[in-house]
Q: 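Sharing a structure here in structure tokens format.
All of these numbers come straight from a predicted model, not from anything done at the bench. By convention in this document, chain letters (A, B, ...) are assigned in the order of the sequence lines, proteins followed by strands, and residues within each chain are numbered from 1. Values below: every heavy atom of this structure, side chains too, minus hydrogens, waters and symmetry copies.
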Number of protein chains: 2
Amino acid sequence: MTSACHHHDEHDHHGLHGVALGRALEAAELRCAGTQERLTAPRRRVLELLLAADAPLKAYDLIAAYGEAGEPAKPPTVYRALEFLERLGFAHRIESLNAYVPCRIEGGHMAAFLICDCCGEAAEFEPDFAPTLTAAQAAGYAVRQVTLEARGLCAGCREH
Amino acid sequence: MTSACHHHDEHDHHGLHGVALGRALEAAELRCAGTQERLTAPRRRVLELLLAADAPLKAYDLIAAYGEAGEPAKPPTVYRALEFLERLGFAHRIESLNAYVPCRIEGGHMAAFLICDCCGEAAEFEPDFAPTLTAAQAAGYAVRQVTLEARGLCAGCREH
DNA sequence: GCGGTTATGTTATTTCATAACACTATCGGC
DNA sequence: GCCGATAGTGTTATGAAATAACATAACCGC
């Protein structure tokens, strides 16, 4: 996380727990049932860990936290689950952090993040991609996917 | 590069050579002289390799190509040079490729790339960041840096 | 030429990610 | 029900990307 300041009291607790976590997992199950995709045990477990976290998790954080009783997973288990979760839009990879977050925005969309270099928070948002897509089209590109990551300081960290 | 097609005849030769390469390096020297920064031998060598390349280079491509007579560099040599080149705006890292390109646009700017998943070309462009920055401000963020990478197919690769 | 600062050389290690292959589960068609 | 195709998992091993730590050398202002 490489925090530069230490005032992360209450402003970054995004993790889901208890009932809310259960509901989110249930919703994911339902969305899978709609397609012919399956939310298998390792996929569900990795999604659970992401949803419960307060900040982006690295792949090896997931590997370490995977086992209920402390036994880590093998790397391919987690990487394969992440690949699945990304494919279905349940999670996003943040390239500039080598880390992963659960998707917090409903509906098919292009991911974009505001990342606080101080507290490590990564807030998903939906900027207007029109100027970018227009420019890309003008250059002859057929865009399939856009990665947008804005780094800086969040409101909480600016004040201190 | 993981190319999906094989028609990369003549449409991605961006590499600088001979006189043009010399001029670009000279320009970099001049820009360094203006500040109190120094374009030392390893930094110059890495910049030269980036400028001469036709596509983004991985750090270990640079490490392998570093020595005039085939001897590779040690990793820290190249990573330190890249850090310098990025800091001065001579090069950019492309997060989604773990690769580096020389800066092709004059003037201080935020980097953005159109990346062809077929031929590997990475075209630097300057989209309008205003919507993104406005949204970030609305969320209370003070943005320091923006990474924007659009992946898809370039004009040449779409036709084939 | 001395001392602070910046950069380099070198060894080793850490972190991140995937290849390859054997085995198992699921599901539609018969 | 069972059979074959497909998708998913488990496991071992390895590959790729990046940095830590510390010693040495170059540069610059005085």
Q: Do other residues, nucleotides or ligands put more than 12 heavy atoms under 6.0 Å from Glu83(A) CD?
A: no
Q: Of all nucleotides in DNA chain D that come within under 4.0 Å of a heavy atom of chain B, which is furthest toward the 5' end and which toward the 3' end?
A: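 It runs dA17(D) to dC27(D).
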Q: Quick one: sort the His92(A) and Phe113(A) rings into parallel, tilted or perpendicular, breaks at 30° and 60°.
A: perpendicular
Q: Whether Arg93(B) and Glu95(B) form a salt bridge (side-chain N of Lys/Arg under 4.0 Å from carboxylate O of Asp/Glu) is what I want to check.
A: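 Judged by the 4.0 Å cut-off on N to carboxylate O distance, Glu95(B) and Arg93(B) do form a salt bridge.
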Q: Do Phe125(B) and Thr132(A) make a side-chain contact, defined as non-hydrogen atoms from C-beta onward lying under 4.5 Å apart?
A: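 The answer is yes, as the side chains (C-beta and beyond) meet within the 4.5 Å cut-off.
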Q: Look at the rings of Tyr79(A) and Tyr60(A) and say which category their plane angle falls in: under 30° parallel, 30 to 60° tilted, over 60° perpendicular.
A: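 Ring orientation, 0 to 90° scale: perpendicular.
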Q: Before accepting this row, confirm whether a basic side-chain N of the pair Arg31(A)/Glu37(A) lies closer than 4.0 Å to the acidic partner's carboxylate O.
A: no
Q: Where along nucleotides 6-21 of chain C does protein come under 4.0 Å, by heavy atom, of base (B) or sugar-phosphate alone (S), with - for untouched nucleotides?
A: -SBBBB----BBBBB-
Q: Using the salt bridge (charged side-chain N to carboxylate O under 4.0 Å, His left out) rule, take Glu26(B) and Arg23(B) through it: C-alpha gap first, then chi angles, then the decisive distance, then the call.
A: CA-CA 5 Å; Glu26(B) 191 60 28; Arg23(B) 265 203 300 264; over 6 Å; no
